[in-house]
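Notes to accompany the following structure.
Convention: sequence-line order gives letters A, B, ...; per-chain numbering from 1. Only this structure's heavy atoms are used, side chains among them; waters, hydrogens and symmetry mates stay out.
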Amino acid sequence: MGNVLAFCEFSGSAPKSSALANIAFARKAAELHGGEVIALLVGKGAAAAAADTAKYAPKVITVDDAALGEYLAETFAPIVAKLATDNNASVVSATATSVGKDLMPRVSALLDAGMASDVSGISAKNQFVRPILAGNAYSKVEINSPVIVVTPRQSEFTPAEPLGAAGAVSNAPAGSVDAKGATFERLESQKSDRPDLGDAKVVVSGGRGMKSGENFKVLEELADLLGAAMGASRAATDAGMVPADWQVGQTGKIVAPNLYFAVAISGAIQHLAGMKGSKTIVAINKDKEAPIFQVADYGLVAEWEKAIPELIAEIKKVKASR
Amino acid sequence: MKILVPIKRVPDPALKTKVKDGSIDLTGANWVVNPFDEYAVETALRLSENGESGARNAGAEIVVVTIGPEDSAQQLRSALATGADRAIRVDADDKALDARVVTAVLQKIIETEKPDLVICGKQAVDGDANQVGQRLAGALGWPQATFAASVEMPADQKSLTVGREVDAGVEYKKIALPGVLTVDLRIVSPKAVKNHVTPDAFAYGDGPRYASLKGIMAAKKKPMDVKKLADLGVAVEAQVREIGVELPPPRPAGQIVADVPTLVKKLADEAKAL
Ligand SMILES: Cc1cc2nc3c(=O)[nH]c(=O)nc-3n(C[C@H](O)[C@H](O)[C@H](O)COP(=O)(O)OP(=O)(O)OC[C@H]3O[C@@H](n4cnc5c(N)ncnc54)[C@H](O)[C@@H]3O)c2cc1C
Ligand SMILES: Nc1ncnc2c1ncn2[C@@H]1O[C@H](COP(=O)(O)O)[C@@H](O)[C@H]1O
């Protein structure tokens with residue numbers, strides 16, 4: 001028997017939606033391990049998110065300390081590892097966000113635990129399924145260590161629904177916080193009213209064929225019409241047309257929205273790795289041989305310059321007729 | 001400044017994935033250096049030289065290491081050909097490795113080599129694990145800066161300021177050395193690496209450098225140590241074992257639509273996606 005310690009990122013007074021995917025994973029793992037889900041909130045202000053998080057887990061532990069103002073793997077990992085041990089956890093998990101991916105292997109070192117990254121499923125107590133080779137294959141791994149560290153993939157786990165009764169909240173001390181010579185300096189991010197790529201129901205992505213950042217405006221217009229997040233191929237982000245955090249793919253974000261538009265994107269395997277799980281894929285490309293058409297549900301062979309304004313107009317018509 | 005760069009060989013990502021008897025079929029695979037590790041070597045080179053004159057900084061040394069079978073010496077040679085100084089191969093069967101074993105081996109090597117900096121790839125693109133750099137930093141108690149898209153080293157070479165690609169944008173993190181850096185794609189863009197030796201105005205070509213003919217010849221004479229796990233006193237075993245591999249189910253065939261109105265109609269009525 002062992003519990004599942006689920007590290008949850010939060011924002012203000014609530015867990016992030018990415019964390020709810022982790023709780024969904026943790027529930028499955030807890031069932032197989034015969035233990036319970038313990039949600040863990042670490043960082044300055046964590047206590048404020050406890051009540052909302054307690055809707056999803058029978059137990060919530062907060063570690064809220066002024067010395068934990070900014071996330072650092074160096075300061076967070078020892079806290080997670082210690083609480084895993086103190087709470088008899090046999091699984092420790094965090095969603096495979098940029099924080100989860102940075103933090104959890106460090107936790108695995110401190111616990112000398114085997115780790116499965118980016119998992120898409122749990123098939124037995126210590127067996128996990130995960131994509132490898134840019135999603136071209138699924139590997140099943142067995143982990144033989146007393147504690148197992150897992151980063152579930154957000155797009156593969158439906159966000160957890162609230163439980164009937166609120167869980168119990170407790171606080172744990174941060175202990176001595178040692179950043180090992182690391183300091184957070186600043187975050188440069190572009191404010192956007194659009195949904196996060198990981199949560200969005202619709203994603204509109206553009207590739208090298210968009211030719212310039214200026215040309216993305218028309219895709220943004222389409223995105224805003226659909227309440228979509230913006231994405232891009234590596235070629236477009238590398239060329240500086242759009243911010244790097246728009247990149248979708250093996251080494252960018254993994255998305256699985258209801259509807260994905262790939263505009264002027266050729267469909268390299270590394271790009272497909274990030275969006276193949278989308279429910280409906282639309283590809284717009286002027287080259288009818290482009291590999292993206294092999295994964296698209298609907299392909300339109302056309303130049304975006306003509307197709308996108310037309311698409312915007314048609315969708316407006318449909319929306320107006322409802 | 002001594003930099004250790006762990007590199008891994010991977011089957012050419014451009015080739016089609018085949019599965020045989022429940023594992024990836026690697027017969028006749030074309031092995032290449034993991035692209036992120038190529039970027040790690042390039043980062044090490046850019047930190048260690050004056051990019052404009054090509055002169056190596058005094059005291060700069062780059063050691064590449066791989067844990068792998070005999071054939072993986074080839075990937076070490078290609079790193080030596082682009083400018084790394086020495087190579088170490090720790091003999092092991094790929095199947096016997098996981099992040100725990102790789103970390104344990106690297107720790108032993110670090111004990112003797114005492115590098116100021118370890119630069120890993122962000123992930124090996126075969127297993128897509130994205131673990132070793134962070135696990136190693138944790139085991140050593142060193143600071144880590146993962147997913148680096150830019151790095152700046154001050155003249156005193158005692159720290160790094162790293163631009164990290166995170167979900168919300170770019171995070172700047174400073175780490176004291178010794179430390180572990182893991183590099184992302186954009187670390188090899190023309191001005192991503194600054195070392196206070198290369199003039200600020202200088203721009204590298206985009207991407208990692210190619211080996212010159214001279215470099216390839218020189219690589220043949222550069223030292224390559226071969227060690228056994230037992231020589232290093234590494235006795236830990238892998239905790240993670242692959243028990244099966246499957247190809248993903250194919251996506252049902254899609255359709256080419258004639259024009260935008262048809263597309264929108266199908267999205268609305270057929271896919272119910274609008
Ligand atoms: C280690 C590694 C990791 C990588 N990770 C990623 C990743 O995470 N994500 C990612 O996306 N890539 C990744 N890549 C890069 C990937 O291999 C491709 O190079 C990249 O996806 C190509 O982007 P693209 O499709 O925009 O550009 P291209 O391949 O150049 O395609 C542009 C397309 O635009 C079309 N086009 C041009 N003009 C028009 C027009 N007017 N109208 C309509 N269509 C037009 C062309 O027909 C073409 O198909 C990675 C590569 C490596 C080596
Ligand atoms: N067998 C190996 N030998 C040397 N370095 C490795 C090995 N496996 C992984 N690495 C390093 O660790 C990084 C991350 O690998 P991974 O955690 O497997 O995705 C790689 O980019 C390499 O720098």
B:Glu237, CD: over 12 other non-hydrogen atoms inside 6.0 angstrom: no
Just give me the residue among B:Gly133, B:Gly244, B:Pro13, B:Ala176 that pairs up with chain A most often, heavy atom to heavy atom, under 4.5 Å. B:Gly244
Quick check on B:Lys122 against chain A: is it the side chain, the backbone, both or neither that has a heavy atom closer than 4.5 Å? side chain
Show your reasoning for whether side-chain contact (heavy atoms from CB on, under 4.5 Å) applies to A:Val282 and B:Leu267. CA-CA 9 Å; A:Val282 175; B:Leu267 282 179; 3.7 Å; yes
Segment of A:Glu70 engaging chain B (4.5 angstrom heavy-atom cut-off): neither
In terms of heavy-atom proximity below 4.5 Å to chain B, should A:Ala113 be classed as side chain, backbone, both, or neither? backbone
Is it the side chain or the backbone of B:Gln123 that comes within 4.5 Å of chain A heavy atoms, both, or neither? side chain
Minimum heavy-atom separation for A:Ser98 and B:Phe147, please, with both atom names. O-CE1, 3.6 Å
Taking the basic N atoms (NZ, or NE/NH1/NH2) and the acidic carboxylate oxygens, is any pair closer than 4.0 Å for A:Asp112 and B:Arg135? yes
Residue, of B:Pro143, B:Ala99, B:Ser189, B:Gly169, that accumulates the most heavy atom pairs under 4.5 Å with chain A: B:Pro143
Taking A:Ser117 for the side chain and B:Ala129 for the main chain, is one N or O donor matched with an acceptor at less than 3.5 Å? yes
When you compare the side chain of A:Leu72 with that of B:Lys173, does any pair of heavy atoms fall below 4.5 Å? yes
Is the closest side-chain heavy-atom distance between A:Val141 and B:Ile243 below 4.5 Å? no
Whether the B:Arg100 and A:Ser145 side chains hold a donor-acceptor pair (N or O, under 3.5 Å, no angle test) is what I'd like checked. no
Quick one: which of A:Asn126, A:Ile284, A:Leu103, A:Ile281 has the most heavy-atom pairs under 4.5 Å with chain B, could you say? A:Ile281
Tell me, out of B:Lys265, B:Arg186, B:Glu246, who's got the most heavy-atom pairs with chain A below 4.5 Å. B:Arg186
Whether A:Lys253 side chain and B:Asp167 backbone form a donor-acceptor pair below 3.5 Å: yes
Given 3.5 Å as the limit, does a donor-acceptor pair link the side chain of B:Gln134 with the main chain of A:Lys101, or not? yes
Most contact-rich option vs chain A, by heavy-atom pairs under 4.5 angstrom, among B:Ala124, B:Pro261, B:Ala268, B:Ala139, is B:Pro261
From A:Leu187 CG over to B:Tyr172 OH, what is the distance, rounded to the nearest 0.5 angstrom? 10.0 Å
Show, in sequence, the C-alpha distance, side-chain angles and deciding distance for B:Val245 and A:Lys140, and conclude whether the side-chain contact (heavy atoms from CB on, under 4.5 Å) test is met. CA-CA 6 Å; B:Val245 175; A:Lys140 190 186 267 187; over 6 Å; no
In terms of heavy-atom contacts, does NZ of A:Lys201 have more than 12 from other residues, nucleotides or ligands at under 6.0 Å? no
Run A:Gln247 and B:Leu185 through side-chain contact (heavy atoms from CB on, under 4.5 Å) and show every step you take. CA-CA 11 Å; A:Gln247 183 175 313; B:Leu185 302 166; 3.4 Å; yes
Do the side chains of A:Asp102 and B:Arg164 get close enough for a salt bridge, i.e. N-O under 4.0 angstrom? yes
Region of B:Ala258 that comes under 4.5 Å of a non-hydrogen atom in chain A: backbone
Quick check against the 3.5 Å criterion: does B:Arg251 have a side-chain atom that pairs as donor or acceptor with the backbone of A:Val295? yes
Under 3.5 Å, is there a donor on one side chain and an acceptor on the other for A:Tyr71 and B:Glu171? no
Which atoms of A:Gln294 come close to chain B, meaning under 4.5 Å heavy atom to heavy atom: side chain ones, backbone ones, both, or neither? neither
Quick check on the interface: out of A:Trp246, A:Phe293, A:Phe184, who has the most heavy-atom pairs with chain B under 4.5 Å? A:Phe184
Smallest heavy-atom separation, B:Val260 atom then A:Ala307 atom, equals CG2-O, 3.8 Å
Is it true that, when you exclude B:Lys2 itself, more than 12 heavy atoms of the residues, nucleotides or ligands shown sit nearer than 6.0 Å to its NZ? yes
When heavy-atom pairs shorter than 4.5 Å are enumerated against chain A, which of B:Thr161, B:Ile256, B:Leu160, B:Asn130 gives the highest number? B:Ile256
Ion pair B:Lys174/A:Glu185, N-O distance below 4.0 Å: no
Choice from A:Asp238, A:Val318, A:Leu197 maximising heavy atom contacts with chain B below 4.5 Å: A:Asp238
Tell me, for A:Leu110 versus chain B, whether the close heavy atoms (under 4.5 Å) come from the side chain, the backbone, both or neither. side chain
How about B:Leu274 and A:Ile315: do any of their side-chain heavy atoms sit closer than 4.5 Å? yes
Selection from B:Ile24, B:Val19, B:Leu247 maximising heavy-atom pairs under 4.5 Å formed with chain A: B:Ile24
Side chain, backbone, both or neither: which part of A:Leu311 has a heavy atom under 4.5 Å from chain B? both
Which atoms of B:Asp206 approach chain A - backbone, side chain, both or neither, heavy atom under 4.5 Å: neither
Please tell me if the side chains of A:Met115 and B:Val240 come closer than 4.5 Å, counting only heavy atoms from C-beta onward. no
Which one wins on heavy-atom pair count under 4.5 Å against chain B: A:Met104, A:Glu314, A:Lys279? A:Glu314
Do B:Val166 and A:Asp245 come close enough that some side-chain heavy atom pair is under 4.5 Å? no
Yes or no on side-chain contact (heavy atoms from CB on, under 4.5 Å) for A:Leu133 and B:Val125, after CA distance, side-chain angles and deciding distance? CA-CA 6 Å; A:Leu133 294 160; B:Val125 300; over 6 Å; no
Contact between A:Ile132 and B:Asp126 at the side-chain level, heavy atoms closer than 4.5 Å - yes or no? no
Most contacts with chain B, counted as non-hydrogen pairs under 4.5 angstrom, among A:Ala96, A:Ser108, A:Ala302, A:Pro78: A:Ser108
Return yes if some donor-acceptor pair links the side-chain N/O of B:Asp128 with the main-chain N/O of A:Ala134 below 3.5 Å, else return no. yes
Taking side chain as C-beta onward, heavy atoms only, is B:Trp142 less than 4.5 Å from A:Glu74? no
Nearest heavy-atom neighbours spanning A:Ala182 and B:Ile175: CB-CG2, 4.1 Å
Under a 4.5 Å heavy-atom cutoff, which of A:Asp118, A:Thr237, A:Val129 has the most pairs with chain B? A:Thr237
Between A:Asp297 and B:Lys266 (salt bridge meaning N to carboxylate O under 4.0 Å), is one present in this structure? no
In terms of side-chain heavy atoms, does A:Arg106 have a donor or acceptor partner in B:Gln131 at a distance below 3.5 Å? no
Mind checking whether A:Asn136 and B:Lys16 have side chains closer than 4.5 Å, heavy atoms only? no
